[in-house]
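As a basis for the values below, the full set of heavy atoms in this structure was taken, side chains included, without hydrogen atoms, waters or symmetry mates.
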Amino acid sequence: MKKNQDCPQALFEDMSRKEAILKEFNSLRPNNKRRFYQIIGMLTAVVFLIYRYPEIIEQPVLYIFLILMMSLSAEAYVQNKRINKRIDLLHKLLKEE
């Protein structure tokens, strides 16, 4: 009889734990805010460089710097998107079991 009384409590705790994990998983999903803040940060860095060193506009170094920043940002974005898709597929596979 004692085992039957403990079973609903254990089941409830297990469901609560799974729900908390699922809530944390959903909160860690990527969003567009993070990408927007990253772009704003890069633009702020460029504006700061131009403000601090106005002669840099005439130099090709600024344009090389911009191209490198944009290419690295694009590469990181593609890799993050790929990793997040893999994680979502893994979550879907585990959810089906």
Working to the nearest 0.5 Å, report the span between [atom1] of [X] and [atom2] of [Y].
X: F48; Y: L43; atom1: CZ; atom2: CG; answer: 15.0 Å
X: N84; Y: L89; atom1: CG; atom2: CG; answer: 11.0 Å
X: S16; Y: L11; atom1: OG; atom2: CG; answer: 9.5 Å

Do the non-hydrogen side-chain atoms of [X] and [Y] ever get within less than 4.5 Å of each other?
X: L49; Y: F65; value: yes
X: E13; Y: Q9; value: yes
X: M42; Y: L66; value: no

With hydrophobic residues grouped by side-chain heavy-atom distances under 4.5 Å, do [X] and [Y] end up in a single group?
X: Y51; Y: Y53; answer: no
X: I39; Y: L72; answer: no
X: Y77; Y: I83; answer: no
X: V46; Y: I57; answer: yes

**Asked** Does a salt bridge link K18 with D14, judged by any charged N lying under 4.0 Å from a carboxylate O?
**Response** yes
**Item:** Within 6.0 angstrom of E55 CD, more than 12 heavy atoms from elsewhere
**Value:** yes
**Asked** Do other residues, nucleotides or ligands put more than 12 heavy atoms under 6.0 Å from M70 CE?
**Response** no
**Residue list, salt bridge (Lys or Arg N to Asp or Glu O under 4.0 Å) with K85, at least two apart or on another chain** = none
**Message:** Run the salt bridge (Lys or Arg N to Asp or Glu O under 4.0 Å) test against R82 and tell me which residues pass, sequence neighbours left out.
**Reply:** none
**Request:** Indicate yes or no for a side-chain donor-acceptor contact from T44 to the backbone of I40 under 3.5 Å, with no hydrogens or angles considered.
**Result:** yes
